[in-house]
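As the structure lists them, so they are numbered: ligands from 1, and atoms in each ligand from 1. Source: prediction; values computed, not measured.
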Amino acid sequence: MPKDSKKKKYSQKYKKEWEAEKAFKEWLTSVPGQNSLAFCKCCKSELKAHKKDLESHANTQKHLKKMAELGSVAQTTQITQFVRQTIDDRRKIAELKVAAFIAEHCSVATVDHLGELIKSLDGKSETLKELKLHRTKCMSLIVNVISPCLLQDLMDDVGDSYY
Ligand SMILES: [Zn+2]
């Protein structure tokens with residue numbers, strides 16, 4: 001028994017379960033192969049795998065500042081990415097529709113004029129304002145995006161009967 005209690009008193013071992021604790025969960029991680037150490041992902045610094053040390057690290061000005069910075073950065077990127085993506089997606093869909101129309105009904109040469117016309121239809125529309133369609137891009141959409149899709153449709157239609 002004394003042996004055990006002695007061991008317990010002096011052991012400095014990283015415990016995986018600490019990561020689940022509220023005070024640590026956002027930043028604590030282990031150092032592979034070094035269970036006497038812990039790592040703060042936020043400050044990018046090595047710490048002793050001592051619960052008391054970790055608790056005091058969590059309350060240092062440096063750590064709290066880093067956490068606040070990381071938190072706000074992560075939040076803003078997420079929001080801007082989200083907004084960007086929806087505009088981008090709507091714009092891409094619009095561009096594809098125009099390109100598909102061109103491929104089916106007109107000559108690619110008309111796309112320069114059509115692109116300008118579409119943009120002028122609604123000056124307030126974020127999607128139309130961002131629309132970029134000129135001959136080269138339209139061609140590449142037709143060749144790289146629309147044709148492979150049409151080809152895939154065709155292949156699906158033909159199916160096994162081809163063989
Ligand atoms: Zn830290």
Side-chain angles (χ1 to χ4, degrees), residues 1-100 111 115-116 118-153 156:
M1 284 309 266
K3 203 182 162 198
D4 259 301
S5 64
K6 194 186 171 196
K7 197 178 164 194
K8 205 167 187 175
K9 198 176 168 192
Y10 290 107
S11 78
Q12 283 189 13
K13 264 194 175 171
Y14 185 87
K15 288 195 182 60
K16 198 80 186 156
E17 67 237 39
W18 292 341
E19 290 173 25
E21 290 187 24
K22 199 165 177 269
F24 306 138
K25 69 174 179 190
E26 278 163 326
W27 55 269
L28 186 69
T29 190
S30 57
V31 178
Q34 304 236 40
N35 58 12
S36 65
L37 293 174
F39 190 80
C40 174
K41 287 187 274 190
C42 180
C43 306
K44 309 224 182 312
S45 58
E46 272 181 4
L47 306 160
K48 272 190 215 143
H50 243 168
K51 207 171 176 194
K52 278 264 169 281
D53 285 1
L54 297 175
E55 275 164 359
S56 58
H57 175 79
N59 289 313
T60 56
Q61 283 300 319
K62 184 190 158 205
H63 177 81
L64 290 171
K65 202 167 160 240
K66 286 265 181 202
M67 287 292 280
E69 278 169 17
L70 275 187
S72 60
V73 168
Q75 236 166 20
T76 9
T77 21
Q78 228 170 19
I79 291 166
T80 43
Q81 259 170 7
F82 175 73
V83 174
R84 267 276 20 115
Q85 201 181 16
T86 43
I87 295 175
D88 266 6
D89 282 352
R90 293 209 303 259
R91 179 178 55 86
K92 276 181 199 149
I93 291 166
E95 286 172 356
L96 273 174
K97 280 184 179 167
V98 176
V111 78
E116 288 306 309
I118 291 171
K119 264 197 224 184
S120 71
L121 290 178
D122 183 2
K124 286 197 182 108
S125 163
E126 285 287 333
T127 318
L128 296 186
K129 209 163 64 186
E130 296 266 319
L131 198 81
K132 288 187 193 78
L133 264 178
H134 43 79
R135 236 170 286 188
T136 342
K137 181 162 179 188
C138 186
M139 270 312 280
S140 92
L141 281 179
I142 292 171
V143 174
N144 298 314
V145 184
I146 299 173
S147 300
C149 292
L150 288 178
L151 187 67
Q152 191 57 53
D153 278 356
D156 290 346

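- Residue pairs satisfying the side chain to side chain donor-acceptor pair (under 3.5 Å) criterion with at least one member in residues 23-38, sequence neighbours excluded, are listed as follows: Trp27-His63.
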Applying side-chain contact (heavy atoms from CB on, under 4.5 Å) to Leu133 and Ile118, what does each step give before you reach the verdict? CA-CA 10 Å; Leu133 264 178; Ile118 291 171; 5.6 Å; no

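- The backbone N or O of Glu55 lies less than 3.5 Å from a partner atom in the side chain of Asn59, making a donor-acceptor pair.
- Other residues, nucleotides and ligands contribute over 12 non-hydrogen atoms within 6.0 Å of the NZ atom of Lys41.
- Residue-and-atom listing of protein N/O/S atoms under 2.8 Å from the Zn ion (ligand 1), sorted by chain and number: Cys40 SG, Cys43 SG, His57 NE2, His63 ND1.
- Looking at Glu95, its side chain does come within 3.5 Å of a backbone N or O of Lys132 through a donor-acceptor pair.
- With a 6.0 Å radius and a threshold of 12 heavy atoms from other residues, nucleotides or ligands, Lys66 has its NZ atom at or below the threshold.
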